[in-house]
Protein chains: 2
Amino acid sequence: MFPNFINHLKKHVELNIDEIATLKDFVKIIEVRKKDFLLEEGKICRYNYFVEKGLLRMFFVNEKGVEQITQFALENWWMSDHMSLIMEKPSVFNIQAVENATIIAIAQSKQEQLFKQLPQLERYFRIMMQRAYAATQMRFKYFHDFSKEESYRQFISSFPDFTQRIPQYMLASYLGLTPEYLSELRKKA
Amino acid sequence: MFPNFINHLKKHVELNIDEIATLKDFVKIIEVRKKDFLLEEGKICRYNYFVEKGLLRMFFVNEKGVEQITQFALENWWMSDHMSLIMEKPSVFNIQAVENATIIAIAQSKQEQLFKQLPQLERYFRIMMQRAYAATQMRFKYFHDFSKEESYRQFISSFPDFTQRIPQYMLASYLGLTPEYLSELRKKA
DNA sequence: CGATTTTTTGAATCATATCAACGTACGTGG
DNA sequence: CCACGTACGTTGATATGATTCAAAAAATCG
């Protein structure tokens, strides 16, 4: 039904057949089409989203009206605005499908009950949050260390296949440079 | 003995007297003096550090030999290189005391046993990791949104007291600008 | 007080942004 | 399945935010 999701859970915690059945009562499957929104700026983010298939982006719109992408999520990644989720405050971000996608959503409102019934899930999310945080620590290092040009070259050599899945202007936005400058860098080498 | 640490735990999970006693077997108190290191580049990070009192910084050294600060931790914050901690790989970071500090350290090697004896701690760390991740999501937004000048002005107005505790060149390093430029901005307004 | 550390100054330079225009590709409806 | 319109990518000229370097001034510390 959603093999990536179940496999991902099983990779980190023990889950038997009955527990998987229980889990199904707590999740919602969402099919989104390219450009559909899962979260819009100003609304409270009430779900944590797992990408079973497809690709999501998180972005905000700056004062000049330009969309700035802060994260992508592809298969087997979680995405949410955790500040909005925890604080129950309106989000400054949007979450939108870049490709048609199959999403598993867990409602914040059901999380406590879920952890009570399946304590392994608390552990699973502890691991996921720690990983996500570890990844951002490295990302901050790159931000400090690399020029825009270096960021670009290291990104495309680290994720050549992912680079193919997104338009250039989205990569430019994610890396924090202009589409024009990215184009110039491409020409150069 | 370490009131901030215990109070912080109690704010998020239930802990009785016996459990606190148990916990004490799992933590190590470290007194560090200004400029002492808790982690050095190239070594594997084996602890998660809680700042009971004082101030820590995390930094790396770039190819030019310049120290780049990626994080600070003051009272009631945790600090660790989670990538190194999880993967048991050499760290690219250093963790150093900016002020004399009292640190509570939990060894990665004892973490599983700790969670088995005190399952609330797994929950506590799930919450801590989620908060830390939420904070970095906002920080990425600022990175994308603000010019260096705006980053500086928003930092000093958000954390006026913290600004007083660190030399300017450290703030410059954390914000990703040069001490010279920061000095220019200070003069300007 | 002297020595080290931190901050400031100013000039030259560079990486990257901006703007406007043109070229290309691509998906959607007829 | 073609054509048209919109979305995406490129180009070049100009502008600017921020860095670099070297040196002096100021602050801090033992």
Side-chain angles (χ1 to χ4, degrees), chain A residues 32-37 54-55 57 59 61-69 72 94 96-101 142-156 160 162-189, chain B residues 33-37 54-55 57 59 61-69 72 94 96-100 142-156 160 162-189:
Chain A
V32 283
R33 310 215 63 202
K34 188 172 171 172
K35 297 191 180 171
D36 285 353
F37 285 83
L55 174 59
R57 65 172 181 146
F59 70 94
V61 180
N62 72 15
E63 334 73 62
K64 291 180 187 159
V66 178
E67 295 179 355
Q68 307 257 24
I69 297 173
F72 290 106
N94 303 272
Q96 188 192 33
V98 176
E99 302 170 353
N100 295 346
Y142 299 141
F143 257 98
H144 274 82
D145 208 9
F146 292 163
S147 68
K148 301 282 162 95
E149 175 161 5
E150 287 168 331
S151 299
Y152 167 67
R153 303 210 184 282
Q154 112 109 24
F155 187 94
I156 57 170
F162 179 60
T163 305
Q164 295 313 115
R165 284 172 74 176
I166 53 172
Q168 269 185 62
Y169 74 92
M170 285 196 188
L171 178 54
S173 175
Y174 176 74
L175 295 175
L177 39 82
T178 59
E180 293 92 333
Y181 189 52
L182 194 156
S183 178
E184 194 181 325
L185 293 175
R186 263 164 67 89
K187 183 175 53 168
K188 214 172 87 181
Chain B
R33 312 216 62 204
K34 187 172 171 170
K35 295 192 180 172
D36 286 352
F37 285 84
L55 174 58
R57 66 173 179 145
F59 70 95
V61 180
N62 71 16
E63 335 73 61
K64 291 179 186 160
V66 177
E67 294 180 357
Q68 308 258 23
I69 298 173
F72 290 106
N94 303 271
Q96 189 192 33
V98 176
E99 301 171 353
N100 296 345
Y142 300 141
F143 257 97
H144 274 81
D145 208 8
F146 292 163
S147 68
K148 298 286 160 93
E149 175 161 6
E150 286 168 332
S151 300
Y152 168 67
R153 303 212 184 280
Q154 112 108 25
F155 187 95
I156 58 171
F162 178 60
T163 306
Q164 296 311 114
R165 285 171 73 174
I166 53 172
Q168 267 185 65
Y169 74 92
M170 284 196 190
L171 177 53
S173 175
Y174 176 74
L175 295 175
L177 40 82
T178 59
E180 293 92 333
Y181 189 51
L182 194 155
S183 177
E184 193 181 324
L185 293 175
R186 263 164 67 88
K187 182 176 51 171
K188 213 171 92 182

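This one's a predicted model, so the numbers in the text were calculated from it and none came from an experiment. Only heavy atoms go into these numbers, but all of them, side chains included; no hydrogens, no water, no symmetry mates.
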What is the separation between atom [atom1] on [X] and atom [atom2] on [N], rounded to the nearest whole Å?
X         : N       : atom1 : atom2 : result
Lys35(B)  : dT6(C)  : NZ    : C1'   : 11 Å
Lys34(A)  : dA7(D)  : NZ    : C1'   : 10 Å
Lys187(A) : dC22(C) : NZ    : C1'   : 14 Å
Glu67(B)  : dT5(C)  : CD    : C1'   : 13 Å
Lys188(A) : dT10(D) : NZ    : C1'   : 16 Å
Glu150(B) : dG17(D) : CD    : C1'   : 12 Å
Leu185(A) : dT16(C) : CG    : P     : 8 Å
Leu171(B) : dT8(C)  : CG    : P     : 12 Å

Practice item. Answer yes or no: does a side-chain N or O of Arg186(B) lie under 4.0 Å from OP1 or OP2 of dT8(C)? Key: yes

Check your understanding: Phosphate oxygens OP1/OP2 of dT8(C): is one of them under 4.0 Å from a side-chain N or O of Gln168(B)?
Key -> yes

Would you tabulate the nitrogen or oxygen pairs shorter than 3.5 Å linking the protein to nucleotides 19-22 of chain D?
from	atom 1	to	atom 2	distance (Å)
dT19(D)	OP2	Thr178(B)	N	3.3
dT19(D)	OP2	Thr178(B)	OG1	3.2
dT20(D)	OP1	Lys64(B)	NZ	3.1
dC21(D)	N4	Glu180(B)	OE2	3.4

Practice item. State, to 0.1 Å, how close Glu150(B) and Asp145(B) come at their nearest heavy-atom pair, and which atoms those are. Key: OE1-O, 3.9 Å

Point to revise | Nearest to side-chain heavy atoms of Tyr169(A), which nucleotide of dC8(D), dT6(C), dT10(D) | key: dC8(D)

Side-chain polar contacts of residues 173-182 of chain B - donor-acceptor pairs under 3.5 angstrom, sequence neighbours left out - could you list them?
from	atom 1	to	atom 2	distance (Å)
Ser173(B)	OG	Glu67(B)	O	3.1
Ser173(B)	OG	Ile69(B)	N	2.8
Tyr174(B)	OH	Arg139(B)	NE	3.4
Thr178(B)	OG1	Tyr181(B)	N	3.2

Review point. Just by distance, do the side chain of Gln96(A) and the backbone of Asp36(A) share a donor-acceptor pair under 3.5 Å?
Key: no

Revision key, fill the gap. Checking Arg165(B), Lys35(B), Arg57(B) against Glu99(B) for side chain to side chain donor-acceptor pair (under 3.5 Å), the one that qualifies is Arg165(B)

Review point. Should the pair Glu149(B)-Arg153(B) be classified as a salt bridge under the 4.0 Å nitrogen-to-oxygen rule?
Key: yes

Review point. Is the His144(A) ring parallel, tilted or perpendicular to the Phe143(B) ring (thresholds 30°, 60°)?
Key: perpendicular

Check your understanding: How are the rings of Phe162(A) and Phe72(A) set relative to one another: parallel (under 30°), tilted (30 to 60°) or perpendicular (over 60°)?
Key -> perpendicular

